[in-house]
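All remarks here apply to the structure that follows.
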Amino acid sequence: MKYNHKEIEPKWRKNWDESEIYRTGEGKDKPKYYILDMFPYPSGAGLHVGHPKGYIATDVYGRMRMMQGYNVLHPMGWDAFGLPAENFALANKVHPRIATEKNIATFKKQLAQLGFTYDWEREINTTDPEFYKWTQWIFLEMFKRGLAYESREPINWCPSCKTGLANEDLENGRCERCGSLVEKKPMRQWVLKITAYADRMLNDLDKLPDWEESIKVMQKNWIGKSEGANVKFEVRSEKLSARGGSASGGEVKSAIEVFTTRPDTLFGATYMVIAPEHELVEQLKDKITNYKEVKEYAEAAKNKSEVERAELNKEKTGVELKGVKAINPVNNEEIPVFVADYVLIAYGTGAIMAVPGHDERDFEFAKKYNLPVREVVKAEKKIDAECFSGDGVSVNSDFLDGLETAEAKKKMILWLEEKGIGKKSVSYKIKDWVFSRQRYWGEPFPLAYCENCKKLAEEHIAASEIDLKKVRSFADAQDDKEMGGFTLGELLNPGWIGNEELPVTLPEVEHYEPTGTGESPLANINEWVNTICPKCGGAAKRETNTMPQWAGSSWYYLRFEDPKNDLALVDKEKEKYWSPVDFYVGGAEHATRHLIYARFWHKFLFDIGAVSYDEPFTRLQHVGLILAEDGRKMSKRWNNVINPDEIVEKYGADAMRVYEMFMGPFSQAVAWNTNGLIGARKFLERVYKLKSQIPNPKSQTNSKIQNPNFKIDNLLHKTIKKVGEDIESFKFNTAISQMMILVNEMTAASGLSKEQYEALLKILAPFAPHLCEELWEEVRSEKLEVRSDKYKNLSIFKEEWPAYDPELIKDEMIDLVIQVNGKVRDTISVDAGISEEEAKKIALESENVKKWTQNKEVKKIVYVKGKLVSIVV
RNA sequence: GCCGUGGUGGUGGAAUUGGUAUACACGAGAGACUUAAAAUCUCUUGAGGGCAACUUCAUGUGGGUUCGAGUCCCACCCACGGCACCA
């Protein structure tokens, strides 16, 4: 009999389906284990062999947990909204819904043939109204608490996808999806206040010891917390200051507020810079004598894309605001003010104090425009020649002189706070999440705009003198009197009314191409746009933007716990049982995207009591890519894509599973190699053949001859130990190599007991489930003499994961290594229980060793128990 | 520029606490079986020297610590990933 995967694999998949062996119960008598893959976009191209790598790993892990007696949740679903799905639909002239349905069918078929343990009863789809009802619900809860706001600030705009984008959607200033250069464009947008959670997201990374360090570091950098101070610099027009600090400090028109992480260098600030977009350019219009020049520079800078501004990096440019001066508050010096595009409006206050002596960029600018450079932190080299940006001891800084940087910072902040010209402050690189897209294929916002309610809201705000900023810090305060029957979101965004009747379904349209006008295609459907106000019943218009692709994926993992609940996004009891996700596996590219968003939403859901723990994913592991055989990424463009269907057809799903787990360390990118795959297949064939080495059970006498072979038992139990430990730590490649060693030994051995073979099948089963199930059935049906149609109850996955015997993994003999002056000169096989004295004696008596020790004095002998003797001469 | 990860045979890679470097697999070479090929099986396979026992060198480079370093320390080079005028 040959190993015929084409017969075995479909047979067992059908059997698993019929016996419902992978149905996830609520069995609360068992410990739970929730293992999750990042769910895929069902793209039009289908799967290539790289996609399932992570799914295979979670499947292997999940199957082991199952055999260890856990109640395992290992679900799968579809992240089907968003640009890629829509762009595919546009290119192929089919409705996104139709295209998505078709793609899901393809993906499902492809996944099915790999033999995963998914419970399809729990399948979810983000484009299903029953699912996005709850995505909308979460948005609405955020809106009510003031975490969603309408903004008209300039944002990233992709001219090709014709939509606004979040910072997380960019790659080097280009659209992550299509590669177009992104422009800055003022747009009406819904924005989520992710910055309100920045500090918690940062601090709580410490609660995640089982996340890969590299991903935590990436998140830390993305959040980008900087501590320092905000300082106000007065601005005077030149005429005034020429009179020399005229009486009562009089006509101070305005001030520039800067953010700095180095308040200790304030004495070294010799000029100031504001960003081209800074409001002061307009405010000082009458005072600036070269306003035309300044305005021209600012306009030119605004029209540049971010990439252009960054590429022009080499040479700094700027224009001085003639006619105005700023006053350095620590020494009352008059310093010039520039507008320059190396200062970004979006970070800090959009303005800086320039300290050329201790900041590279300021130094470069100062050199170009001949501005004074002052040493205020003791530097090794001359400050005119090279700036020094490190920490040190303050000099030329009056009351800070002699203090270390950390101390100087503290003292300066105290001083500033005392004088009321500055205060301690924190800045983040992370920006609020631009949450609307001007596209069709996304969740509609559950919001309507009502002129009547707008008036009422504004009247209430005016009459009650409610301090919205204050309320904001008590986000869920809902005092009816104070709020006048409005939610915080409705007061912060007058006119916008939350629609509690969910879902707000996405209407069918004829034309779903993006309009490019800043409105989505939904704006053209009058009967949908015109609605009645959910609050007052008057005429209202729906919001026509849609949510970004990340919306559904920010909470989907909760829905798997209770996928059909129409009363809540997840039942509290079920959430308590299944959450958090114990193990989450997916691509590292999500480190600063999906994983940031999901943590943000989860923390919000925790705050409103919808979930019971404030971090969603306990352990996180990232998958390394599978590259094409040529070492490049698999892509249609290079024509190097390998389709899993062909691999399964030719070599079988089990061979593909084993190979993908064996090809290299899990988190590392490795190139596909079909010969390597064939190696995995050969290994499985050897396992198959091994069965014939078990003596026939019907001839009892025969089996007595086959004494359990200690050597095999020893190796078997070492293997059981190693495979278990390696799966646990996602080191599948070494788990498989250990099993190969075992199978090679078993093949060479004269006899093999059924028990030994069965143990091998159990530890291999998570990797090659079809084959092991088949062999298990064959071995068991012979032994138990049951007919094969009863196999339903015989699944190997209902067996217990084998335990290793600590006695059996002890070696009888060890190879004692003997070194002379650190070089290996001999290895001798000795009894494992050898004493130190004996070992040393044997070592010194070795002929090979004598060659190196004769005529020399033995100075020292180092003994490492059970390993080596090191002789120093 | 900053942060992170890594650098081991022809290739993918293994090596627990500092203790036999190159496990396992691929590729290559030789042989067996065969009319032949495929498949399968056996042996060889880091480099150099030697008939052999054996021996010298080798884990990106240069130093150091140690009886002993792929592993620890210092300096540097290279590759990949992330961030990037973030004050």
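The analysis underlying the following values was restricted to heavy atoms, covering all of them including side chains, and did not include hydrogens, waters or symmetry mates.
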- [ ] Once you apply the 3.5 Å cut-off to both distances, tell me the Watson-Crick or G-U wobble partner of B:U17, or none.
- [x] none

Task: Whole angstrom value for the distance that separates C1' of B:G68 from NZ of A:K859 - done: 15 Å

Open item on the list: Any strand counts, and the cut-off is 3.5 Å on both contacts for Watson-Crick or G-U wobble. Which nucleotide pairs with B:C83?
Closed with: B:G1

Task: Strand partner of B:C72, provided both Watson-Crick or wobble distances fall under 3.5 Å - done: B:G64

TODO: May I have the distance from A:K823 (atom NZ) to B:A69 (atom C1'), rounded to whole angstrom?
DONE: 13 Å

TODO: Using distance alone, with no hydrogens and no angle criterion, decide if A:Y651 and A:T674 have a side-chain donor and acceptor under 3.5 Å apart.
DONE: no

Open item on the list: Could you tell me if A:E168 and A:W222 have a donor-acceptor pair between their side chains, going purely by distance under 3.5 Å?
Closed with: yes

Task: Validation row, ring centre A:F732 to ring centre A:F730 under 6.0 Å - done: yes

Open item on the list: Categorize A:G679 for me: base, sugar-phosphate, or nothing, with a 4.0 angstrom heavy-atom threshold over every strand shown.
Closed with: sugar-phosphate

Open item on the list: Is there a side chain to side chain contact (heavy atoms under 4.5 Å, CB included) between A:D359 and A:I352? Walk through the geometry before answering.
Closed with: CA-CA 11 Å; A:D359 181 284; A:I352 61 156; over 6 Å; no

- [ ] Scan A:R825 against the nucleic acid and name what it touches under 4.0 Å (heavy atoms): base, sugar-phosphate only, or nothing.
- [x] sugar-phosphate

TODO: Determine the interatomic distance between P on B:A15 and the same-named atom on B:G70; round to the nearest Å.
DONE: 16 Å

Open item on the list: Whole angstroms only, please: what is the CD-P distance between A:Q693 and B:C41?
Closed with: 12 Å

Open item on the list: Once you apply a heavy-atom cut-off of 4.0 Å, does A:W852 come out as touching a base, just sugar-phosphate, or nothing?
Closed with: sugar-phosphate

Task: Atom pair CD1 (A:I678) and CD (A:E685), whose distance is rounded to the nearest 0.5 Å - done: 10.5 Å

- [ ] Name the orientation of the base relative to the sugar in B:G18: syn if the glycosidic angle is within 90° of 0, else anti.
- [x] anti

TODO: Under 4.0 Å between any heavy atoms, over every strand shown, what does A:I352 touch: base, sugar-phosphate, or nothing? Just pick one.
DONE: base

Task: Nearest non-hydrogen partners of A:G268 and A:P356, listed with the distance - done: O-CD, 3.9 Å

Open item on the list: If you only use heavy atoms from C-beta on, which nucleotide in B:C41, B:U40, B:A87 is closest to the side chain of A:R686?
Closed with: B:C41

- [ ] Mind checking A:K851 for me? I need base, sugar-phosphate or nothing, with any heavy atom below 4.0 Å counting as a touch.
- [x] sugar-phosphate

Task: Near-strand residues of residues 208-222 of chain A, defined as heavy-atom separation under 4.0 angstrom from RNA chain B - done: A:S214, A:V217, A:M218, A:N221, A:W222

- [ ] Quote, to the nearest angstrom, the C1' distance that separates B:G68 from B:A84.
- [x] 45 Å

TODO: In whole angstrom, give me the gap between the P atoms of B:G64 and B:A47.
DONE: 30 Å

Open item on the list: Between C1' on B:C26 and CD on A:E629, what's the gap in Å once rounded to a whole number?
Closed with: 12 Å

- [ ] Would you indicate, yes or no, if B:U66 has its OP1 or OP2 atom less than 4.0 angstrom from a side-chain nitrogen or oxygen of A:K860?
- [x] no

Task: Steps toward side chain to side chain donor-acceptor pair (under 3.5 Å) verdict (A:W672, A:N640) - done: CA-CA 10 Å; A:W672 179 270; A:N640 57 7; over 6 Å; no

Open item on the list: Assess the residue pair A:I642 and A:E629 against the criterion (side chain to side chain contact (heavy atoms under 4.5 Å, CB included)); give the C-alpha distance rounded to whole Å, side-chain angles, the decisive distance to 0.1 Å, and a yes or no.
Closed with: CA-CA 9 Å; A:I642 297 177; A:E629 275 182 287; 4.1 Å; yes

TODO: For B:U59 versus B:G6, give the span between their C1' atoms, rounded off to a whole number of Å.
DONE: 13 Å

Task: Closest to the A:N675 side chain, choosing from B:A21, B:C26, B:C85 - done: B:C26

TODO: Check whether the side chains of A:D726 and A:T734 place a donor and an acceptor atom closer than 3.5 Å, and report yes or no.
DONE: yes

TODO: For A:L742 and B:A25, give me the distance from atom CG to atom P, rounded to whole Å.
DONE: 12 Å

TODO: Check the distance between B:U5's C1' and A:E589's CD and give it to me in whole angstrom.
DONE: 16 Å

TODO: Starting at atom CG of A:D815, determine the distance to atom P of B:A23, rounded to an integer number of angstrom.
DONE: 16 Å

Open item on the list: By nearest heavy atom, map A:G676 and A:G350 onto RNA chain B; which one lands nearer the 5' end?
Closed with: A:G676

- [ ] Please work out if A:V343 contacts a base, only the sugar-phosphate, or nothing of the nucleic acid, heavy-atom cut-off 4.0 Å.
- [x] base

Task: Nearest-angstrom distance, C1' atom, B:C33 to B:C43 - done: 15 Å

TODO: List the steps, then state whether salt bridge (charged side-chain N to carboxylate O under 4.0 Å, His left out) holds for A:R593 with A:E171.
DONE: CA-CA 12 Å; A:R593 295 190 174 107; A:E171 253 172 21; 3.8 Å; yes

Task: Per A:D359 side chain, nearest of listed nucleotides B:C85, B:A87, B:A23 - done: B:A87

Task: Parallel, tilted or perpendicular: rings of A:F365 and A:Y369 (30°, 60°) - done: tilted

Open item on the list: Please give the distance between the P atoms of B:A23 and B:G46 as a whole number of Å.
Closed with: 8 Å

TODO: Could you state the atom-to-atom distance from CG of A:L170 to C1' of B:A84 in whole Å?
DONE: 13 Å

TODO: Could you measure between the two C1' atoms, the one in B:C2 and the one in B:U66, and give it in whole Å?
DONE: 35 Å

TODO: Name the pairing partner of B:A25, where a pair is Watson-Crick or G-U wobble with both distances under 3.5 Å, or state none.
DONE: B:U11

Task: Pair assignment for B:G46, Watson-Crick or G-U wobble, requiring both distances under 3.5 Å - done: B:C57

- [ ] Tell me what A:N744 touches on the nucleic acid: a base, only sugar-phosphate, or nothing, going by heavy atoms under 4.0 Å.
- [x] sugar-phosphate

- [ ] Quote, to the nearest angstrom, the P distance that separates B:U16 from B:C72.
- [x] 11 Å

Open item on the list: Need the pair for B:A37. Rule: Watson-Crick or G-U wobble, both distances under 3.5 Å, any strand; none if unpaired.
Closed with: none

Task: Footprint string (nucleotides 10-19 of chain B, 5' to 3'): B base within contact, S backbone only, - free, heavy atoms under 4.0 Å - done: --BSS----B

- [ ] Would you tell me whether A:D199 and A:Y428 have side-chain atoms, one donor and one acceptor, within less than 3.5 Å of each other?
- [x] yes

Task: Position toward the 5' end of RNA chain B (nearest nucleotide), A:K689 or A:F259 - done: A:K689

TODO: Using only side-chain N and O atoms of A:N848, determine if any of them is under 4.0 Å from OP1 or OP2 of B:A53.
DONE: no

Task: Stacked cation flag A:K316 on A:F363, 6.0 angstrom / 45 deg - done: no

